[in-house]
Number of protein chains: 2
Amino acid sequence: MIRFRQIEAFRCLMSCGTTVAAARRMHITQPAISRLIADLEDDLGFRLFNRAKGRLEPTTAAIRFQRAVEENFLGLERLRQAAETIRAEENEGLAIACMPVLSTSLLPQILNEFFKLRPDVPVRIDTVGNAEVTVKLQDLKVDVAISLAFPAIAGIEVEPLLEADVLCALPAGHPLAERDFITPQDLANETVIGWMPNYPLSQNQEQKYFGHAGVYPRYNIRTHTSHTRYAMVANGFGVSIVEPFASDFWETQGVVTRPFLTPAKHEYVIAYPSSGSRSAILQDFRLATLRVVNDPALVPWGRALTQE
Amino acid sequence: MIRFRQIEAFRCLMSCGTTVAAARRMHITQPAISRLIADLEDDLGFRLFNRAKGRLEPTTAAIRFQRAVEENFLGLERLRQAAETIRAEENEGLAIACMPVLSTSLLPQILNEFFKLRPDVPVRIDTVGNAEVTVKLQDLKVDVAISLAFPAIAGIEVEPLLEADVLCALPAGHPLAERDFITPQDLANETVIGWMPNYPLSQNQEQKYFGHAGVYPRYNIRTHTSHTRYAMVANGFGVSIVEPFASDFWETQGVVTRPFLTPAKHEYVIAYPSSGSRSAILQDFRLATLRVVNDPALVPWGRALTQE
DNA sequence: GATGTTCTATGTGATTTTGTTATAGGCTGA
DNA sequence: TCAGCCTATAACAAAATCACATAGAACATC
């Protein structure tokens, strides 16, 4: 029966050339190599090396066999390294991926609820952009994510959470701030803080908000993070379309928000890696999230899409 | 130190689900699996399975680790199979790849010479088309090949052997058989046995023989094997352009050959896999080949391109 | 609630693998 | 001829691997 140790010795011998060198590299003695190779030849049923002039010379069979080996093995060393990263990243408790806006607004409320159920569970929060959220989930680097909805992706399970109002953010004192609501036409001559074009996993936002109305405002700054967009408005660079999560906070910084009339939706979801069964901790986190989302006192500007 | 056996057990356990099933598949007992996994967890430094309700449930770390494993290993079983084919194909002696025409003409002469040097070496002849010759060499399935010249290919070493006359093959009794030589223009109104279009490693033969003269004969049958072309001519399906190796043989079958005036060449080579040093047997085969090629009595219709 | 089934974990001892040291012999170049 | 390479084998030690025996936990069924 062919054994792994023989393959290791063979690989090493083929690349080193001599048993002595191979032994040195594998940190064992030369006779060990010698016998492993002899055993391998017995098991394979053909010669791997011609013993010529006291040296080992690979046969053509050895070269062909080596190809098969290299196609099938990359060695334990790589696995050791992979284990290293996994161990380094592993932690007790719950790892949550979350978009920047939510991590300063919705997430604290959820955690508040969560800690009532699990006071002692340590939590890690990975604040990343919308596109990276799915990567974190697929790579199993987080246990759960709260995020803007994204297209279906293999390996990720999604549960709708809530639909949030679409708001127009204006600098305090802006003429439009007098209105009760804003329409796309109102912004036809305004400078708008825009979105990154061709951003993965999200459609063209500008198209989404203004395309249907035939309005094409002027864009000066483009960004995909909601907080940045609020900040640009606060500094008077223009107006923008935002979600409502951070509106309270930015109101104190001189940003006024008004409902924006558009068929576009802001839908948010809770997502899990579909592998691995859900732990009890994770169930509790989900519970906490649903409670927050369904509590009108906590989330007055959204409609929950799911019940406890 | 992480060991291969642990990885095998881990792979099996992940796909089987229980230690009992994994043990059955690996033809060992359940405690052996149990211990291998426990050891692996120790070595890795993190848990791979949660012991819940008397069952093993993979952790997310296990799933991540499994990905690393599957990327790096495909198992010893595949190697065993690869060894199987290598052993089956392996033989003592010399393996030669050769095109069909040569295997009935030039090769017997070479072997005649070769056996004077090595009477006891068993020889295998792999008669394959021009395109397959290079594959056989690259896969180390043969030690040497005699073939029509082909473009340079990595892993193959080529040595020019000889340049053969280009002949026109005619059915006996054909009007053109009266001539001493044939020109492309002579064939303008003839039906010609043609070549496979777009055949790998060889240019368009029809273009090569007739293109420069602006002659476009009619083609009815197309084939890449010289013998087949001779046979079609012998049966009166048309005329063709051939190499001279088999002309003597087909003369007895009613095929007349005449020199064909064209700048095109028929160049033949001897080729070896560039890996692996050349054995003494192979050196003798090369010697025999050169002797044949350089002997005007044996090869009257070609010019040798190399000396002993 | 007793019972049988199915699963995992551990202790013990036999077997196999893997490794070391010691030793011998071949080739090569100074 | 001799030192410096190399490979191969024998004898023994250490470690890995395995089977067997056994025990405990979960769960379904009667």
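A, B, ... follow the sequence lines: proteins, then strands. Residue 1 opens every chain.
- Rounded to whole Å, the distance from CG on A:Leu40 to P on C:dT17 is 13 Å.
- Rounded to whole Å, the distance from CD1 on B:Ile33 to P on C:dT10 is 15 Å.
- With distances taken from any side-chain atom of B:Arg3 to the nucleotides C:dC7, D:dA16, C:dT18, the minimum falls on D:dA16.
- Counting heavy atoms from C-beta outward, A:Val144 and A:Thr289 have side chains that stay 4.5 Å or more apart.
- When distances are taken from the side chain of B:Ser34 to each of C:dT10, D:dA19, D:dA8, the shortest belongs to C:dT10.
- Two residues are said to be in side-chain contact when any heavy atoms from C-beta on lie closer than 4.5 Å; B:Phe114 and B:Val292 fail this criterion.
- Residue contacts for B:Thr29: at a heavy-atom cut-off of 4.0 Å it reaches a base atom on one of the strands shown.
- For the atom pair A:Phe285 CZ and A:Arg118 CZ, the distance stands at 13.0 Å (nearest 0.5 Å).
- Taking for each of B:Val20 and B:Arg35 the nucleotide of DNA chain C with the nearest heavy atom, the 5'-most of the two is the partner of B:Val20.
- Counting only heavy atoms from C-beta on, B:Ile28 has its side chain closest to D:dC18 among C:dA9, D:dC6, D:dC18.
- Distances from the side chain of B:Pro31 to the nucleotides C:dC7, C:dA22, C:dG11 place C:dG11 closest.
- Per the geometry, NE2 belonging to A:His27 stands 18 Å off P belonging to D:dA15, to the nearest Å.
- Going from atom CG of A:Leu36 over to atom C1' of C:dT20 covers 13 Å, rounded to whole Å.
- Atom C1' of nucleotide C:dT10 and atom CD of B:Glu41 are separated by 15 Å, given to the nearest angstrom.
- Between A:Asp39 atom CG and C:dG19 atom P the separation is 11 Å, expressed in whole Å.
- We find that CZ of A:Phe4 is positioned 16 Å from P of C:dT17, with the value rounded to whole Å.
- Ion pairing of B:Arg5 with B:Glu8 is present here, as a side-chain N (NZ or NE/NH1/NH2) and a carboxylate O approach within less than 4.0 Å.
- The separation between A:Ile37 atom CD1 and D:dT7 atom P is 11 Å, rounded to whole Å.
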Candidate pair B:Phe150 and B:Ile156, rule side-chain contact (heavy atoms from CB on, under 4.5 Å), full reasoning: CA-CA 11 Å; B:Phe150 46 81; B:Ile156 299 181; 4.0 Å; yes
